[in-house]
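One structure is given here, and the rest of the page talks about it.
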Amino acid sequence: MAKIVAAQYGPVFDLGLKVESGQLKASDVIEIVTKSTGLNETSARYCLDAVLAMPKGVEYKHTINIQATKFYLQRFEGILTPSKFDLVLLSVEKHLAFYVAQGKGDQVTIRALVDSYRVKLAQQAVSPIYPDEVYVLPSEFTEGSIKQVTINAYERNPKARAACIAEHKAICQVCNFDFEAIYGAIGKGFIHIHHKVDLATIGKSYQVDPINDLIPVCPNCHAMLHTEEPAMDIEKLKLTMS
């Protein structure tokens, strides 16, 4: 299995999509691939099983080689929305769990690859541009550098935002509103991030602690926090809620 090459596992992907759309049968794909690429029937079936399972988020039980897995993940990422690609990653994670449960050890390289895609999806999910936030991507969690847009706006760091949400979840820490629970997939990862120390009172760059300096809040509570200057304390706002 480890010796199969792109010219063999690559065609399985496109043919697999035709199986999914009803244009071909799985048996047709196996026959085409074995005859045209020289891939043996077992390997062709394993690759096809993975391609068909991934977009459904279901477990596939036969391991395909690392390069084939990388190739299929790249192809699916290119054609699927983030929410649908999340199912692909879930499928691979289920396969990894099955593999470990069989006492075969951990597929470290594949797990690291999935983890890297998870981080990428998290950054995409938590970095929309909100009216009061302008994003840049510096390498450190440096907050507060003033940037000229149409008015002066403070830079908000998406990595700091992602770290904050990873710790606290995308749930308002004032009223507990969860956009995903109410709106489903379109609400996943949607939340404002509030700086406990008002950046406007600092006036210079500083090293932000995304766990202790930042907190997720819904837009309504965010607006209420900023009815005072400097911004109202989180606990004070909670006390005003009836």
Side-chain angles (χ1 to χ4, degrees), residues 77 80-90 93 112-238:
E77 183 191 25
L80 297 178
T81 62
S83 61
K84 291 184 177 179
F85 184 62
D86 183 78
L87 289 175
V88 174
L89 297 180
L90 178 62
E93 289 168 341
L113 180 63
V114 172
D115 288 345
S116 70
Y117 275 114
R118 283 288 182 203
V119 171
K120 187 175 181 180
L121 280 184
Q123 290 177 340
Q124 291 174 351
V126 299
S127 58
I129 296 178
Y130 297 119
D132 62 334
E133 296 179 325
V134 178
Y135 290 101
V136 292
L137 190 58
S139 59
E140 301 295 334
F141 293 158
T142 302
E143 293 275 342
S145 299
I146 295 179
K147 176 179 182 178
Q148 188 69 32
V149 188
T150 54
I151 59 173
N152 284 333
Y154 285 103
E155 296 175 350
R156 286 349 192 233
N157 186 310
K159 289 185 179 180
R161 177 185 170 86
C164 172
I165 291 176
E167 174 69 19
H168 300 291
K169 302 186 183 304
I171 298 173
C172 180
Q173 299 300 296
V174 177
C175 69
N176 295 317
F177 191 87
D178 182 341
F179 282 89
E180 184 177 10
I182 301 299
Y183 298 108
I186 63 170
K188 185 175 182 178
F190 186 93
I191 199 75
H192 278 202
I193 296 299
H194 174 65
H195 293 67
K196 293 181 181 178
V197 179
D198 197 329
L199 291 179
T201 68
I202 298 173
K204 61 181 180 180
S205 293
Y206 77 105
Q207 199 75 12
V208 66
D209 179 345
I211 306 304
N212 295 311
D213 294 349
L214 308 180
I215 192 164
V217 292
C218 71
N220 285 348
C221 289
H222 202 184
M224 293 300 98
L225 288 168
H226 285 282
T227 57
E228 294 185 359
E229 190 174 334
M232 189 186 303
D233 181 77
I234 293 285
E235 296 304 319
K236 180 179 178 180
L237 181 59
K238 286 181 179 181

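Values below: every heavy atom of this structure, side chains too, minus hydrogens, waters and symmetry copies. Because the structure is predicted, anything quoted here is derived from the model rather than measured.
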Please name the pair of heavy atoms, one in [X] and one in [Y], separated by the smallest distance, quoted to 0.1 Å.
X: Pro210; Y: Cys164; answer: O-CB, 3.4 Å
X: Lys196; Y: Leu214; answer: CE-O, 4.4 Å
X: Leu113; Y: Ser116; answer: O-OG, 2.6 Å
X: Gln173; Y: Ile234; answer: O-CG2, 4.5 Å
X: Met232; Y: His194; answer: O-NE2, 4.4 Å

Nearest 0.5 Å, what's the [atom1]-[atom2] distance between [X] and [Y]?
X: Asn220; Y: Leu225; atom1: CG; atom2: CG; result: 11.0 Å
X: Asn176; Y: Ile171; atom1: CG; atom2: CD1; result: 7.5 Å
X: Ile182; Y: Cys218; atom1: CD1; atom2: SG; result: 11.5 Å

Could you list the donor-acceptor pairs under 3.5 angstrom formed by side chains in residues 82-90, with sequence neighbours left out?
unit_1 : atom_1 : unit_2 : atom_2 : d
Ser83  : OG     : Thr81  : OG1    : 3.3
Asp86  : OD1    : Arg118 : NH1    : 2.2

* For Glu180, which residues count as a side chain to side chain contact (heavy atoms under 4.5 Å, CB included) partner, sequence neighbours excluded? -> Asp178, Lys188
* If we only count heavy atoms from C-beta on, is the Pro219 to Phe179 side-chain gap below 4.5 Å? -> yes
* Given side chains that start at C-beta, do those of Ile193 and Pro216 come closer than 4.5 Å, heavy atoms only? -> yes
* Taking only residues two or more places apart in sequence or in another chain, which ones pass salt bridge (charged side-chain N to carboxylate O under 4.0 Å, His left out) with Lys169? -> none
* Asked: So, the side chain of His195 versus the backbone of Asp213: is there a donor-acceptor pair under 3.5 Å, distance only?
  -> no
